[in-house]
Amino acid sequence: MRVLIDECVDPRVKQFFGADAATVHEMGWDALEDGPLLKVAQDQFDCLLTIDRGIEHQQNLSKLRIGIVVARVPKNQLAHYQVLRQQLVEAVNSVGPGVVVHVGGSSTG
């Protein structure tokens, strides 16, 4: 699975996924809003990892060829992602195109 790490996610999370991961910053896509970002990313990545809990309500994901994993962490720090590492890897490896998977934390909010 090719994973794109959203700019709102601690970039060190990339280490969970090895060579198949890149950050939005590394791709030079920092200036893109969610819609355009998803459209360009779907050509090179299978999954976007984000902490943006509203992304599924703001975008029409069913038409995209990229899946989204939303990490629900209390703070955007590597230690909080580390607790969810196995779940994040499993979610990234199983998410399908146009699907959103939430990992960790509360499912509300």
Side-chain angles (χ1 to χ4, degrees):
M1 263 310 195
R2 299 164 300 166
V3 183
L4 181 64
I5 309 296
D6 202 357
E7 65 184 344
C8 57
V9 172
D10 185 318
R12 297 173 293 177
V13 171
K14 177 183 168 184
Q15 69 189 349
F16 296 176
F17 307 101
D20 289 334
T23 66
V24 167
H25 178 73
E26 289 171 336
M27 298 302 294
W29 296 338
D30 305 74
L32 295 177
E33 295 293 324
D34 288 342
L37 173 66
L38 289 168
K39 285 182 182 156
V40 71
Q42 69 182 348
D43 293 330
Q44 296 180 48
F45 295 92
D46 302 302
C47 177
L48 173 71
L49 176 62
T50 187
I51 58 173
D52 181 353
R53 296 179 186 196
I55 195 164
E56 65 194 295
H57 306 293
Q58 300 162 355
Q59 305 297 322
N60 184 358
L61 305 177
S62 65
K63 297 184 183 219
L64 295 176
R65 296 181 312 275
I66 189 169
I68 298 178
V69 173
V70 178
R72 294 180 170 272
V73 291
K75 291 187 179 178
N76 189 26
Q77 298 170 346
L78 186 60
H80 296 285
Y81 293 97
Q82 195 73 22
V83 172
L84 299 174
R85 182 179 185 150
Q86 187 61 38
Q87 292 173 291
L88 288 170
V89 170
E90 289 172 6
V92 161
N93 286 327
S94 65
V95 69
V99 174
V100 178
V101 174
H102 294 263
V103 174
S106 169
S107 62
T108 61

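Remember, predicted model here, so these are calculated numbers, not experimental data.
In this structure, CG in L48 is found 5.0 Å from CG in D6, a value given to the nearest 0.5 Å. Taking CD1 from I68 and NE2 from H102, the interatomic distance works out to 9.0 Å, rounded to the nearest 0.5 Å. Taken to the nearest 0.5 Å, the SG atom of C8 stands 8.5 Å off from the CG atom of L49. Note: H80 NE2 to Q82 CD = 11.5 Å, rounded to the nearest 0.5 Å. Distance CD/Q42 to CG/L64: 5.0 Å, rounded to 0.5 Å. Here CZ of F45 is found 9.5 Å from CG of L37. Values are rounded to the nearest 0.5 Å.
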What's the verdict on side-chain contact (heavy atoms from CB on, under 4.5 Å) for L78 and Q15, showing C-alpha distance, side-chain angles and the deciding distance?
CA-CA 10 Å; L78 186 60; Q15 69 189 349; 3.4 Å; yes
Step by step, would you call V95 with V100 a side-chain contact (heavy atoms from CB on, under 4.5 Å)?
CA-CA 7 Å; V95 69; V100 178; over 6 Å; no
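Proximity of I5 to F16: side-chain heavy atoms (C-beta onward) are nowhere separated by under 4.5 Å. Residues D52 and D34 have side chains in contact (heavy-atom distance under 4.5 Å, counting atoms from C-beta outward). Looking only at side-chain heavy atoms (C-beta outward), L88 and V69 come within less than 4.5 Å of each other. A heavy-atom distance below 4.5 Å is not found between the side chains of V103 and V70. Residues R72 and R53 are in side-chain contact: their nearest non-hydrogen atoms beyond the backbone lie under 4.5 Å apart. Under the 4.5 Å side-chain criterion, counting only non-hydrogen atoms from C-beta, L61 is in contact with E56. In this structure, the side chains of I55 and L38 come closer than 4.5 Å at one or more pairs of heavy atoms.
Side-chain atoms of E26 come within 3.5 Å of backbone atoms of T23 as a donor-acceptor pair (strictly under, hydrogens ignored). Panel note: side chain R2, backbone Q44; a donor-acceptor pair is recorded below 3.5 Å. For N76 (side chain) and D10 (main-chain N/O), a donor-acceptor pair under 3.5 Å exists by modelled atom type.
Hydrophobic clustering, with ILVMFWY side chains joined whenever heavy atoms are under 4.5 angstrom apart, keeps F17 apart from M27. Put simply, W29 and I66 are part of the same group of oily side chains (I, L, V, M, F, W, Y) that touch within less than 4.5 Å, one to the next. Hydrophobic clustering places V73 together with V3 (ILVMFWY residues linked when any side-chain heavy atoms are closer than 4.5 Å, directly or through intermediates). L4 and V89 fall into different hydrophobic clusters, where Ile, Leu, Val, Met, Phe, Trp and Tyr are joined by side-chain heavy atoms under 4.5 Å apart, directly or via other members.
Nearest heavy atom pair, residue D30 against residue E7, reads O-OE1, 3.3 Å.
A salt bridge is defined here as a Lys NZ or Arg NE, NH1 or NH2 lying under 4.0 Å from an Asp or Glu carboxylate O, and D46 with R65 fails to meet this definition.
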